[in-house]
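Each remark here refers to the structure printed beneath this line.
Treat the numbers as computed from the prediction; the structure is a model and nothing was measured. Each chain gets a letter, A, B and so on, in the order its sequence line appears, and its residues count up from 1.
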2 protein chains.
Amino acid sequence: MSLRIALLGLLSSSGPASGYDLTKKFERSINHVWQAGHSQIYPELAKMVIDGLVTVGAEGARGRKTYTITREGTAEVRRWLTERTPTEATRSESALEAFLLPLLDGPEALAALARMTSAIEAKLKGLEELQATHRREAATGRTHLGHYALNLGIMQTKTALTWAKETAADLEARMPPT
Amino acid sequence: MSLRIALLGLLSSSGPASGYDLTKKFERSINHVWQAGHSQIYPELAKMVIDGLVTVGAEGARGRKTYTITREGTAEVRRWLTERTPTEATRSESALEAFLLPLLDGPEALAALARMTSAIEAKLKGLEELQATHRREAATGRTHLGHYALNLGIMQTKTALTWAKETAADLEARMPPT
DNA sequence: TTGCCCATGTAATACGTTACATGATTTC
DNA sequence: GAAATCATGTAACGTATTACATGGGCAA
């Protein structure tokens with residue numbers, strides 16, 4: 001369901017696009033929130049045509065097909081946004097790693113935390129670059145779907161960094177002095 | 001893979017258990033980080049027996065089977081924790097909702113944010129209760145896998161709350177005065 | 001004896017990833 | 001003419017959810 005909603009959201013905010021375009025847009029914009037490759041996107045678009053949420057125009061160069069959101073499609077995203085009961089379930093490998101951290105002894109756990117920290121920093125860097133791009137585009141008047149999600153992502157990532165620092169300090173405090 | 005690791009982690013920290021026990025433990029402890037029901041857990045345990053990561057003892061009352069982690073099983077979790085390259089990919093419906101928020105107009109977006117806020121508050125409450133239980137058990141000397149993950153979860157949830165507040169303020173500032 | 005919890009499993013369906021497969025157009 | 005990018009799709013496999021199905025043991 002979420003993939004469908006994400007696609008409808010992109011089509012709704014940036015107008016008609018091909019499966020290829022949407023795949024690229026996924027990578028560039030929505031990727032930090034939801035991931036999907038072309039092998040998932042093409043079949044989903046086909047299903048949405050059947051369900052009347054998008055229409056497909058005539059084939060262009062290189063077999064390119066352009067999809068346009070329909071009234072029903074628009075209604076569908078709006079319904080999802082306004083009527084869905086939010087579910088706060090998370091499934092995160094890094095959180096699982098945090099969960100299992102006490103299985104390692106002090107030095108090993110610190111090493112694992114160090115690796116996690118680099119990954120988090122890399123993510124933060126990526127998000128901040130995205131935000132910079134975003135701001136440049138906003139200045140030229142383009143719409144900015146995803147602005148709030150970027151803020152959230154950056155805040156969450158910074159929180160993760162704080163957690164890693166605090167956890168490392170805690171582990172060090174528990175280790176016998178050398 | 002992660003389900004397997006989670007199960008091995010639980011078996012490693014709290015000793016032999018049945019599929020039923022593990023299902024319950026999932027609900028109570030690891031649930032905020034990873035979710036799995038019995039229909040996923042039973043087959044996975046069977047596969048792990050084949051792969052030599054756990055052994056199954058004789059059947060007890062009501063067909064109960066007790067699984068014990070093997071040396072290979074222990075090695076497997078440790079490998080995962082110490083050798084895996086951490087991946088920071090997230091897939092979150094609430095983040096998707098945040099992403100698409102600009103599709104709604106001011107009042108609608110505020111209403112959606114309000115619904116999100118209640119959900120986040122409910123989650124925070126759940127996590128804090130879990131933490132209280134955790135502390136009671138720690139006082140009685142029991143091991144505390146999941147302590148760090150709980151901290152992380154609580155921090156992240158509070159961050160989400162802050163984000164929701166800030167976003168609501170931003171939306172209000174953009175709305176034409178009544 | 002009825003209902004609840006313990007205890008295990010399978011089936012159908014959906015969602016997601018990686019790999020395979022093909023061909024047109026542009027750019028160097 | 002070779003390489004990169006545009007453009008679409010399918011297949012195989014793995015993971016996750018929901019529903020179906022069964023039966024033992026205990027307590028009211």
Would you compute the distance between atom [atom1] of [X] and atom [atom2] of [Y] and round it to the nearest 0.5 angstrom?
X: B/E129; Y: B/L124; atom1: CD; atom2: CG; answer: 10.0 Å
X: B/Q40; Y: B/T23; atom1: CD; atom2: OG1; answer: 10.5 Å
X: A/L8; Y: A/T74; atom1: CG; atom2: OG1; answer: 8.0 Å

Could you tell me if B/D170 and B/T167 have a donor-acceptor pair between their side chains, going purely by distance under 3.5 Å? no
Under 4.5 Å between any side-chain heavy atoms of B/M175 and B/P107, yes or no? yes
Tell me, do A/L103 and B/S12 make a side-chain contact under 4.5 Å, heavy atoms counted? yes
For the helix from C/dT1-D/dA28 to C/dC28-D/dG1, what is the angle between the axes at its two ends, each from 5 pairs, rounded to 10°? 20°
Could you walk me through whether B/R115 and B/E97 satisfy the side chain to side chain contact (heavy atoms under 4.5 Å, CB included) test, starting with their C-alpha distance in whole Å, then the side-chain angles of each, then the deciding distance to 0.1 Å, before giving a yes or no? CA-CA 11 Å; B/R115 290 205 334 281; B/E97 190 165 5; 3.7 Å; yes
Please list residues of residues 33-51 of chain B whose heavy atoms come under 4.0 Å from any atom in DNA chain C, ordered by number; otherwise none. B/H38, B/S39, B/Y42
Counting distance only, does the side-chain N/O of A/N151 pair as donor-acceptor with the main-chain N or O of A/Y148 below 3.5 Å? no
Side-chain (B/T70) to main-chain (B/L53) donor-acceptor, under 3.5 angstrom: yes
Under the rule for side chain to side chain donor-acceptor pair (under 3.5 Å), what residues qualify as partners of B/N31, not counting sequence neighbours? none
For residues 27-71 of chain B, which residue pairs qualify under ring pair (Phe, Tyr, Trp, His ring centres under 6.0 Å), counting only residues two or more places apart or in two chains? B/H38-B/Y42
DNA chain D: 5'-most and 3'-most nucleotides touching chain A, 4.0 angstrom heavy-atom criterion: D/dC6 to D/dT17
Produce the list of close N/O pairs, under 3.5 Å, pairing protein atoms with atoms of nucleotides 23-27 of chain C; give distances to one decimal.
none

Value in whole Å for how far the P atom of C/dG16 lies from CG of B/L96: 11 Å
What is the separation between atom CE on A/M1 and atom P on C/dA14, rounded to the nearest whole Å? 11 Å
Is the closest basic N to carboxylate O distance between B/R84 and A/E93 below 4.0 Å? yes
Taking only Lys NZ, Arg NE, NH1 and NH2, and the carboxylate oxygens of Asp or Glu, determine whether A/K125 and A/E128 approach each other closer than 4.0 Å. no
With respect to the phosphate group of C/dT17, does any side-chain polar atom (N or O) of B/R91 fall under 4.0 Å of OP1 or OP2? yes
